[in-house]
Amino acid sequence: MEKFYLTTPIYYVNDVPHIGHAYTTILADVIKRYKQLRGFRVFFLTGTDEHGQKIERSAAKQGLTPKQLSDAMVEHFQKLWATLRIEYDAFIRTTDDIHVRGVQKIFSRVMEKGDIYLGDYSGHYCISCENFIPDSVEETPEGKRTCPDCGRPTDNRVGEKCYFFRLSAYGDRLLKFFEENPEFVTPRSRMNEVVSFVKMGLRDLSVTRSTVKWGVPVPGDPGQTVYVWFDALSNYITAIDFLDEGERFREFWPADLHIMAKDILKYHAVYWPAFLMAAGLPLPRKELIHGWWLKDERKMSKSSGNVLDPHILLKHFSPDAIRYFLMREASIGADGNFSHEGFINRVNTDLTNDWANLVSRTTGMIEKYFANSFQGGGLYTEKEKEIAAGYRRLEKAVLELFDQYQFNRGLEMIFEYVNRLNRYIVETQPWNLAKDEANRPHLAGVLKTLCRAIASVNTLLSPILTDTSATVRLIFASPDPGLGWKELPEEFSIGQGTQLFPRVDSKAFFAEAEASPTRAAAATSAKGATMQETRIPDANIPPQAAAAAPSAESHAVSQAGTAATEGLIEITDFRKVQMIVAKVLAAEKVEKADKLLKLQVDTGSDTRTLVAGIALYYKPEELVGRRIIIVKNLKPAKLRGILSQGMILAASDADNRPYIPILPEETPIGAILK
RNA sequence: GGCGGCGUAGCUCAGUCGGUAGAGCAGACGGCUCAUAUCCGUUAUGUCGGGGGUUCAAUUCCCUCCGCCGCUACCA
């Protein structure tokens with residue numbers, strides 16, 4: 001029996017589980033059950049990431065130890081997984097002893113090999129981001145540096161020593177591996193992203209922190225703790241007894257499938273394989289990258305308050321309905337869109353009207369015409385044979401799709417067949433056959449064919465519809481849970497039919513959903529399932545209000561949309577942009593950059609650095625002493641390693657040549673433009 | 001700015017290695033009554049993002065423009 005080892009990311013416990021976590025984990029569970037159906041010996045791992053300063057702090061805030069906080073959060077996750085019928089084989093916590101010691105073992109091994117070295121780093125460090133400031137970030141006149149990620153000034157030199165992983169040495173080996181295993185990352189577009197990332201060159205990675213106490217101590221150097229990725233990614237092997245390289249490890253490693261959302265691709269597809277190469281371990285076979293769930297076309301986020309809490313769905317829908325919707329509605333790789341209308345529609349149409357109703361009308365007729373028990377044989381025509389043949393064709397096609405994790409397309413085909421069965425009932429008209437005693441054998445043949453078809457289809461649905469498939473199996477007394485056309489005997493009885501999927505009344509649902517204050521309880525960031533959320537040092541989550549999604553206001557306006565108001569903004573929108581007068585104190589060209597000028601400006605309230613792409617047209621000395629207009633509240637961004645805290649306003653012609661408005665000498669510095 | 005992808009019925013999407021397009025949902029009409037007012041059949045609509053080119057013929061190939069998404073950058 002072939003083995004199959006699959007994993008979800010371990011979820012960071014700074015937040016309660018949201019729909020993104022649920023999606024990843026349900027997907028994993030569906031794959032597990034499907035693989036079992038195909039005869040694999042499956043091991044399914046999930047868990048939680050519990051280390052880091054963030055946990056340390058929020059625990060302190062609540063008067064708890066980090067472990068106590070983690071324990072409470074872990075309970076949330078495990079409860080939800082149980083409710084959603086997730087059957088994992090192991091739940092790893094990074095605070096587990098087996099993990100801590102396992103990480104230390106890998107660390108030591110890589111260090112002995114020489115790929116982890118003690119760096120003599122004496123630069124700046126940002127405490128809040130737990131990150132080093134690269135040397136390319138220049139010092140301010142006061143000897144401070146600004147963190148490129150959060151914009152906070154810092155002159156901390158706490159990280160004078162830390163350990164680095166020699167990632168730079170693995171670029172070629174990674175590229176070779178990608179070339180030989182083009183299917184390593186699925187879908188292909190994600191593989192391409194990884195390849196181009198590696199081709200741009202890799203820098204060594206700091207893998208420890210002396211500032212973080214809540215973590216795995218570095219062996220032989222307890223002042224240092226192992227940092228995020230080295231700690232977290234290792235769970236995939238520590239959980240299966242890497243520590244003593246026990247039977248489970250020897251049996252299941254390498255993993256056959258790592259599942260994750262797109263935001264942690266780089267860490268899994270670049271760092272993780274490199275770590276494993278360094279440790280001399282085989283690499284995982286495949287990584288499946290899925291998209292995020294959008295809510296009504298918009299990204300879910302705490303700030304938008306549109307995060308979807310699985311618990312609210314569970315109040316109205318069965319776990320099967322939720323599992324079905326998530327698997328049916330999004331194709332792997334693309335972002336899925338979640339709307340309550342779409343959800344209700346999908347569940348009512350497919351599950352209630354088509355599938356449950358098919359079961360219901362079949363059981364109803366068997367009860368009515370045969371008192372739930374078939375005695376004697378049946379008459380079978382070409383049509384009945386075609387139903388069986390149709391199932392065999394269906395199963396072949398569906399297995400091919402499921403093998404590629406294309407559950408949405410497989411389910412689509414299954415429901416085409418369900419429709420075929422409903423049509424078959426109309427074509428054969430059992431209620432008319434029942435009127436004439438002479439037709440009894442044919443009537444029996446029709447209904448028994450339906451039983452066999454339903455029992456067969458039910459198996460295909462069983463990885464997704466865990467509860468109802470068990471019920472259906474009971475009703476039709478089909479003992480064999482395996483695949484294939486179910487050859488039920490000629491004489492058998494069925495159980496009492498039940499209502500598999502109660503119809504959800506959308507009006508009632510919305511009335512209730514509007515009334516319940518969804519936001520408060522479960523406000524969380526709802527990227528897909530992310531291993532680390534805020535532990536990702538350079539996660540680059542795009543700012544919410546920025547280009548991607550229209551703001552609520554502008555959306556509403558365009559919806560209301562007469563032509564006259566199209567594209568117009570409210571005065572409140574305008575006021576969000578703080579434009580002020582600033583004086584240029586100093587200007588210089590940025591090294592190794594043709595177009596960039598670095599400016600020091602006085603904003604009236606502070607002195608800050610701006611970088612502007614104007615070097616082709618303005619000389620530094622032209623600008624010094626001038627009063628210009630800047631956007632003060634623009635999110636800082638690093639350009640060429642320099643943090644730009646704002647933006648110069650300039651007119652721009654068709655060739656992108658800038659024309660900077662220069663204000664009169666007497667304009668007060670810091671004056672607001674409005 | 002670079003690389004990649006996308007833009008097809010009111011909605012969600014499939015598809016065409018060139019011969020003017022489909023599936024589900026929503027809509028309209030009809031049929032059945034076994035079933036959770038469910039099921040089955042018939043059916044309207046699309047200048048297949050705009051423009052140009054190659055061709056007997058383009059939605060499908062090429063160019064260009066517009067819009068959107070992803071990664072990335074000396075956009076901020």
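For the numbers below, each heavy atom of this structure counts, side chains included, while hydrogens, waters and symmetry mates do not. Below, read A as the first sequence line, B as the second, and so on, with proteins coming before strands; counting in each chain starts at 1.
- For A:I366 and B:A35, the CD1 to C1' distance is 12 Å, given to the nearest whole Å.
- Residue A:L639 places its side chain closer to B:C75 than to any other of B:A35, B:U36, B:C75.
- Note on A:I648: only backbone sugar-phosphate atoms sit closer than 4.0 angstrom, heavy atoms only; bases stay farther off.
- To the nearest angstrom, C1' of B:C71 lies 13 Å from CE of A:M191.
- Between A:R423 atom CZ and B:G31 atom C1' the separation is 15 Å, expressed in whole Å.
- Relative to the ring axis of A:F415, A:R328 does not place its NZ or CZ within 45° and under 6.0 Å from the centre.
- Salt bridge status for A:R420 with A:E427: present, with a side-chain N to carboxylate O gap under 4.0 Å.
- To the nearest whole angstrom, the two P atoms, one in B:U60 and one in B:U16, are 13 Å apart.
- A cation-pi arrangement is absent between A:K383 and A:Y424 under the rule of less than 6.0 angstrom and at most 45 degrees off the ring axis.
- Counting non-hydrogen atoms under 4.0 angstrom, A:F415 reaches nothing in the nucleic acid.
- Rounded to the nearest Å, the gap between the P atom of B:C74 and that of B:U55 is 45 Å.
- Taking 4.0 Å as the cut-off between side-chain N and carboxylate O, A:E193 and A:R190 count as a salt-bridged pair.
- Within the nucleic acid shown, A:A612 comes within 4.0 Å of sugar-phosphate atoms alone, with no base atom in reach, counting heavy atoms only.
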Exercise for the section: Show your working on side chain to side chain donor-acceptor pair (under 3.5 Å) between A:H290 and A:T24 and close with a plain yes or no. Expected result: CA-CA 8 Å; A:H290 69 253; A:T24 309; 3.2 Å; yes
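- Within 4.0 Å of A:M365, counting heavy atoms only, lies at least one base atom of the nucleic acid.
- For the pair A:N353 and B:C39, the criterion of a side-chain N or O lying under 4.0 Å from OP1 or OP2 is met.
- Taking the C1' atom of each, B:A44 and B:C25 are spaced 16 Å apart, rounded to whole Å.
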Practice task
Starting at the 5' end of RNA chain B, write a dot or bracket for each base, bracketing those in Watson-Crick or G-U wobble pairs whose two distances are under 3.5 Å and using | for partners on another strand.
Solution key: (((((((..((((........)))).(((((.......))))).....(((((.......))))))))))))....
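- To the nearest whole angstrom, the two P atoms, one in B:G19 and one in B:U59, are 11 Å apart.
- Atom pair A:L433:CG and B:U33:P shows a separation of 13 Å (rounding to whole Å applied).
- For A:W431, the side-chain atoms get nearest to B:C34 when compared with the rest of B:A35, B:C34, B:C40.
- There is no side-chain donor-acceptor pair under 3.5 Å between A:D602 and A:T607.
- In this structure, A:M200 atom CE and B:G2 atom P are separated by 16 Å, rounded to whole Å.
- A side-chain donor-acceptor contact under 3.5 Å links A:S373 and A:Q375.
- The salt bridge (Lys or Arg N to Asp or Glu O under 4.0 Å) search around A:E416 returns none, not counting sequence neighbours.
- When the nearest nucleotides of RNA chain B are assigned to A:L500 and A:R420 by heavy-atom distance, the more 5′-ward of the two goes with A:L500.
- Spacing of C1' atoms, B:C3 relative to B:U45, comes out at 39 Å, to the nearest Å.
- At distances below 3.5 Å, at least one donor-acceptor pair connects side-chain atoms of A:T363 with backbone N or O atoms of A:S360.
- Contact annotation for A:S189: no contact, since no heavy-atom pair falls under 4.0 Å across all strands.
- Atom CZ in A:R361 sits about 9 Å away from atom C1' in B:U33, given to the nearest Å.
- Contacts of A:V611 with the nucleic acid, taken as non-hydrogen atoms under 4.0 Å apart, involve only primed sugar atoms and P, OP1 or OP2.
- Across all strands shown, A:N357 has heavy atoms under 4.0 Å from base atoms, whether or not it also approaches the sugar-phosphate.
- Taking atom P in both B:G49 and B:U12, one finds a spacing of 15 Å when rounded to whole Å.
- Among the atoms of the strands shown, only primed sugar atoms or phosphate atoms (P, OP1, OP2) are found under 4.0 Å from some heavy atom of A:K368.
- For the 3.5 Å distance criterion, the side chains of A:D606 and A:T603 qualify, holding a donor opposite an acceptor.
- Of the candidate nucleotides B:G70, B:C40, B:C25, B:G70 has the atom lying nearest to any side-chain atom of A:R190.
- In this structure, of B:C34, B:C39, B:C25, it is B:C34 that holds the atom nearest to the side chain of A:I425.
- Among B:U36, B:C39, B:C40, the nucleotide with an atom closest to any side-chain atom of A:N419 is B:C40.
- For the pair A:E329 CD and B:A14 P, the interatomic distance rounds to 13 Å; values are reported in whole Å.
- Separating the P atom of B:A57 from that of B:G53 is a span of 12 Å, rounded to the nearest Å.
- Each of A:E412 and A:K435 was assigned the nucleotide of RNA chain B with the nearest heavy atom; the assignment lying further toward the 5' end belongs to A:E412.
- Heavy atoms of A:G497 sit nowhere under 4.0 angstrom from any nucleic acid atom.
- Atom CZ in A:R409 sits roughly 14 Å away from atom P in B:C13 (whole-Å rounding).
- Considering only side-chain atoms of A:E193, the nucleotide from B:U72, B:G70, B:C25 that sits closest is B:G70.
- Between B:G5 and B:U64, the two P atoms lie 14 Å apart (nearest whole Å).
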